[in-house]
J.: 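If you scroll down you'll find the structure; I have some questions about it.
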Amino acid sequence: MNLRPIRTRIFRESEDLTKFIARYVPRLKSGAILALTSKVAALAEGRVGNVADIEALVGKESEWTLRARNGRIAFKDGLLMWNAGADESNADGRAILLPKDSFKTAAKIRAALKKRFRLKQLGVLITDSHVGPLRSGVVGVALGYAGFKGLRDYRGSKDLFGRKLRYTQTNVADSLATAAALVMGEGSERRPLCIIEDAPVEFAEYVSRNELRIPFADDMYAPLFKKRPRG
């Protein structure tokens with residue numbers, strides 16, 4: 001698998017994202033995946049608020065929140081995240097929210113790029129930074145994607161010694177997001193785009209936005225959520 005981050009100028013609020021991508025990505029090969037940060041997608045949609053209003057923004061963006069040290073753990077779009085994704089880093093004094101619908105945004109960008117480059121197979125992946133419990137540092141997470149399946153299912157197949165696998169699945173989308181986030185960076189690199197080639201994915205015209213979600217009752221960490229807010 002080959003990853004090539006793209007250095008760009010600073011993307012501004014309400015710019016045309018497709019034109020911006022076309023300026024810095026002159027060509028794409030069939031079978032490539034274009035990863036882009038949630039920040040540029042959100043800025044293109046004008047999803048920006050005032051830092052002074054961040055408490056209210058987090059509440060409005062979340063299905064529920066839980067007070068934590070220096071902020072809130074929020075449940076949004078099937079993910080547990082910090083402050084519902086509202087971020088002040090690289091935001092020039094503002095608070096940048098997440099895209100309204102990352103799956104829809106990914107599908108729209110994919111359609112435009114497929115037409116522009118006349119491609120049969122193309123993936124688009126919208127990434128964000130994610131902090132895991134009891135772990136230092138951020139990794140990438142897939143907020144939305146289009147053109148490839150985000151989950152590889154090993155259930156029913158056998159391991160090296162013939163043992164039937166009952167639970168094993170690979171989260172393809174988050175794995176790609178983490179790889180892309182590593183080379184795009186988190187500081188002043190100005191690399192909001194990354195071309196991924198030769199990725200071991202299954203391309204598909206339709207993807208389910210729910211394929212990576214697990215109901216609270218079925219999650220192995222369910223005991224931690226017993227006191228979660230309801231509603």
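Please read all numbers here as calculations on a predicted model, not as lab measurements. Both backbone and side-chain heavy atoms feed into the values below; hydrogens, waters and symmetry mates do not.
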J.: Please confirm whether the backbone N or O of Lys19 pairs with a side-chain atom of Asp16, one donor and one acceptor, at under 3.5 Å?
T.: yes

J.: Just wondering, more than 12 heavy atoms not from Lys149 lying within 6.0 Å of its NZ?
T.: no

J.: For a 4.5 angstrom cut-off between non-hydrogen side-chain atoms, does Leu36 reach Ile126?
T.: yes

J.: May I ask you to decide if Ile96's main-chain N or O and Asp87's side chain share a donor-acceptor pair within less than 3.5 Å?
T.: no

J.: Could you measure the distance from the CD1 atom of Ile109 to the CG atom of Leu17? Nearest 0.5 Å is fine.
T.: 4.5 Å

J.: Just by distance, no angles: are the side chains of Asn210 and Ser208 close enough, under 3.5 Å, to form a donor-acceptor pair?
T.: no

J.: Taking the side chain from Asp159 and the backbone from Phe161, do they hold a donor-acceptor pair closer than 3.5 Å?
T.: yes

J.: Counting only N and O atoms by type, is there a donor-acceptor contact under 3.5 Å from the side chain of Glu211 to the main-chain atoms of Gly150?
T.: yes

J.: Going by an N to O cut-off under 4.0 Å, is there a salt bridge joining Asp101 and Arg209?
T.: yes

J.: Check for a donor-acceptor pair, side chain of Arg47 on one end and backbone N or O of Leu98 on the other, with a separation under 3.5 Å.
T.: yes

J.: Going from CG on Asn2 to CD on Glu197, what distance comes out if it is rounded to the nearest 0.5 angstrom?
T.: 5.5 Å

J.: Please examine the side chains of Leu113 and Leu122, heavy atoms only from C-beta on, and report whether any two atoms are closer than 4.5 Å.
T.: yes

J.: Do Tyr145 and Leu212 have side-chain heavy atoms sitting under 4.5 Å apart?
T.: yes

J.: Return the CD1 to OH distance between Ile21 and Tyr24, rounded to the nearest 0.5 Å.
T.: 12.0 Å

J.: Under a 3.5 Å distance rule, please check whether Arg213 uses its side chain to pair with a backbone N or O of Asp77 as donor and acceptor.
T.: yes

J.: Could you check whether Thr105 and Glu45, counting side-chain N and O atoms only, form a donor-acceptor pair closer than 3.5 Å?
T.: yes

J.: Ignoring hydrogens and angles, tell me if any N or O in the side chain of Ser62 forms a donor-acceptor pair with the backbone of Gly59 under 3.5 Å.
T.: no

J.: Under a 4.0 Å N-O cut-off, is there an ion pair linking Glu61 with Lys76?
T.: yes

J.: I want to check something: taking the side chain as every heavy atom from C-beta on, are Lys158 and Leu165 in contact at a cut-off of under 4.5 Å?
T.: no

J.: Can you tell whether the side chains of Glu13 and Lys39 come within less than 4.0 Å, N to carboxylate O?
T.: no

J.: Only counting residues at least two apart or in another chain, list the ones meeting ring pair (Phe, Tyr, Trp, His ring centres under 6.0 Å) with Phe75.
T.: Trp64, Phe216

J.: Between Thr18 and Phe20, is any pair of side-chain heavy atoms under 4.5 Å apart?
T.: no

J.: Has the side chain of Arg152 got a donor or acceptor atom that lies under 3.5 Å from a matching backbone atom of Thr170?
T.: no

J.: Taking atom OG of Ser38 and atom CG of Leu143, what is their separation to the nearest 0.5 Å?
T.: 5.5 Å

J.: Nearest 0.5 Å, what's the SG-CD1 distance between Cys194 and Ile6?
T.: 7.5 Å

J.: Could you walk me through whether Glu55 and Arg72 satisfy the salt bridge (charged side-chain N to carboxylate O under 4.0 Å, His left out) test, starting with their C-alpha distance in whole Å, then the side-chain angles of each, then the deciding distance to 0.1 Å, before giving a yes or no?
T.: CA-CA 9 Å; Glu55 185 81 10; Arg72 288 182 176 272; 3.1 Å; yes

J.: Is it the case that the side chain of Thr178 and the backbone of Gly140 share a donor-acceptor pair, with hydrogens and angles ignored and the cut-off at 3.5 Å?
T.: yes

J.: Quick one: does Asp174's side chain have a donor or acceptor within less than 3.5 Å of a partner on Ala142's backbone?
T.: yes

J.: Is any side-chain heavy atom of Leu57 closer than 4.5 Å to one of Leu97?
T.: yes

J.: Could Glu15 and Arg9 be called an ion pair, given the rule that one side-chain N must be under 4.0 Å from one carboxylate O?
T.: yes

J.: If I take atom NE2 from residue His130 and atom CE from residue Met81, how far apart are they, to the nearest 0.5 angstrom?
T.: 8.0 Å

